[in-house]
Amino acid sequence: MRVYSGIQPTGRKHLGNYLGAIRHFVTGQEDASAAGDDAIFCVVDLHATTVAYDPAELRDRTYDTIALLLAAGIDPERSILYRQGDVPEVPELTWLLTAVTAHGDLNRMHQFKEKSGQQRELVSAGLFLYPVLMAADVLAFRADRVPVGDDQRQHVELMRDIALRFNARFGGAAPDGTGGTEILTVPEGIYPTSGARIMDLQAPEKKMSTSSSTPEGALYLLDEPKAMEKKFKRAVTDSENPPVLRRGPEKAGVSNLIDILAAASDRTPDEVEASLVDARGYGDLKAATADAVITLLAPVQERYAALREDEAAIEAALAIGAEKARAIARPVVADVREAMGVGPRA
Ligand code: TYM
């Protein structure tokens, strides 16, 4: 049971990234090693070049993100942690997979529509091909499980379709994946039950993201505890009187806080609601949520600074990660080339 996930080195990582993905990377690491298989995590610097960016900053943001994954508990001795640009088999596979990717499917991707609308100077072909590169990330390792947040569902569905179409076209499998040779593994998306879609604290109808509406809308993982408290205190709720501490339609702000509190304290949203029956108002919910999040993130914050300082150690870990990653990806890409009739006969 091989686990794979990736994260972009753009901007400051926020609570959505942590509750939706990063903490589940750590559980994925445990699950994969219990099953005697690899957990593989990638900081996707090539994906970061698909929108306007500053080359002088990309490397630093990559170090930031690697240090954060290490601080969160990814252990490069047990998992494979690598930088996407260090593994040239992946962009090669991206090109090969374009042969079985429908242009119409790429055109329908929500993220492409959203991000292409935000670009001022250039909508790059890279932005359009982004989901194929993401499919290649996972398929190059024949991964079984991909822990991600809810916003990646469409991308995961597409990579499944690409794998199925590849096996049908070049491995003689039926369109549903039966029969023939399974050249590529069809991966499964793994989504958390709570925290799969953390919303903006100021605009709770929008997901929390690095480009949040206001600086108060996103809770950054390296925010000081005082700043976190303040952001929760100011979080948008609703004006029901008396206050209703339950999830519900028209209650995006309260539902989001309950979801965050559930995820951060390892309870279900129902359990959290039950624990709030004696609460006096939204202030209690906000204070409990702030407490749980601050406690959850304290050890990550504590470890981060020392790890981030030592860039030589980060590069050394990445060199080992790249080598291990390439050792897995190389024969997979060779199988793909062979099946497609590219290059000399194997
Ligand atoms: P990225 O870098 O935008 O986000 C990293 C992870 O964080 C999750 N996430 C959220 N979860 C809950 N609530 C939110 N508000 C929230 N915002 C982000 C994302 O779902 C993601 O799991 N395309 C990917 C990176 C990628 C990748 C891959 C992932 C590249 N190749 C291969 C898996 C497998 C991305 O942009 O994630």
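Atoms within each ligand, like the ligands themselves, are counted from 1 in listed order.
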Do we see a donor-acceptor contact under 3.5 Å between the side chains of Q202 and T214?
-> no
I'd like the name of whichever of [options] reaches closest to [atom] through any heavy atom.
atom: atom 17 (N) of ligand 1; options: Q8, H14, M159; value: H14
atom: atom 10 (C) of ligand 1; options: G20, G16, G6; value: G16
atom: atom 21 (C) of ligand 1; options: P9, S209, A21, A135; value: A21
atom: atom 22 (O) of ligand 1; options: G189, A136, G149; value: G149

What protein heavy atom sits nearest [atom], and how far away is it?
atom: atom 4 (O) of ligand 1; answer: N17 ND2, 3.3 Å
atom: atom 37 (O) of ligand 1; answer: Q152 NE2, 3.9 Å
atom: atom 15 (N) of ligand 1; answer: I198 O, 2.8 Å
atom: atom 19 (C) of ligand 1; answer: D151 OD1, 3.3 Å
atom: atom 36 (O) of ligand 1; answer: Y130 OH, 2.8 Å
atom: atom 12 (C) of ligand 1; answer: A196 O, 3.1 Å
atom: atom 31 (N) of ligand 1; answer: D137 OD2, 2.7 Å
atom: atom 28 (C) of ligand 1; answer: M134 CG, 3.5 Å

Taking the non-hydrogen atoms of G195, is any one of them nearer than 4.0 angstrom to ligand 1?
-> yes
Against heavy atoms of [X], which atoms of ligand 1 measure under 4.0 Å?
X: V148; answer: 22 (O), 29 (C), 33 (C)
X: I7; answer: 2 (O), 5 (C)
X: V146; answer: 33 (C), 34 (C)
X: V138; answer: 32 (C), 34 (C)

Sub-4.5 Å side-chain heavy-atom contact between [X] and [Y]:
X: V272; Y: L276; answer: yes
X: L201; Y: V236; answer: no
X: Y220; Y: K231; answer: yes
X: T268; Y: T193; answer: no

Taking every heavy atom of V3 against every heavy atom of A32, the minimum-distance pair comes out as CG2-CB, 4.0 Å
Under 3.5 Å between some N or O of ligand 1 and some N or O of M208?
-> yes
Tell me, yes or no, whether the heavy-atom count around D278 atom CG, taken from other residues, nucleotides or ligands under 6.0 Å, exceeds 12.
-> no
Take atom CD of E57 as the centre, draw a 6.0 Å sphere, and report whether it contains more than 12 heavy atoms from other residues, nucleotides or ligands.
-> yes
Chi angles and distances behind the side chain to side chain donor-acceptor pair (under 3.5 Å) call for D144, Y4 | CA-CA 8 Å; D144 303 289; Y4 186 101; over 6 Å; no
Ring centre gap for F141 and Y82 strictly below 6.0 Å | yes
Determine, using ring centers only, whether F112 and F128 are less than 6.0 Å apart.
-> yes
Side chain, backbone, both or neither: the part of [X] lying under 4.0 Å from ligand 1 by heavy atom:
X: L133; answer: neither
X: V44; answer: side chain
X: L19; answer: neither

Do R83 and T62 pass the side chain to side chain donor-acceptor pair (under 3.5 Å) test, and can you show the C-alpha distance, the side-chain angles, and the key distance before you say yes or no?
-> CA-CA 8 Å; R83 173 171 50 200; T62 303; 6.0 Å; no
Residue pair D37, R142: steps toward the salt bridge (charged side-chain N to carboxylate O under 4.0 Å, His left out) verdict = CA-CA 11 Å; D37 211 330; R142 295 202 171 105; over 6 Å; no
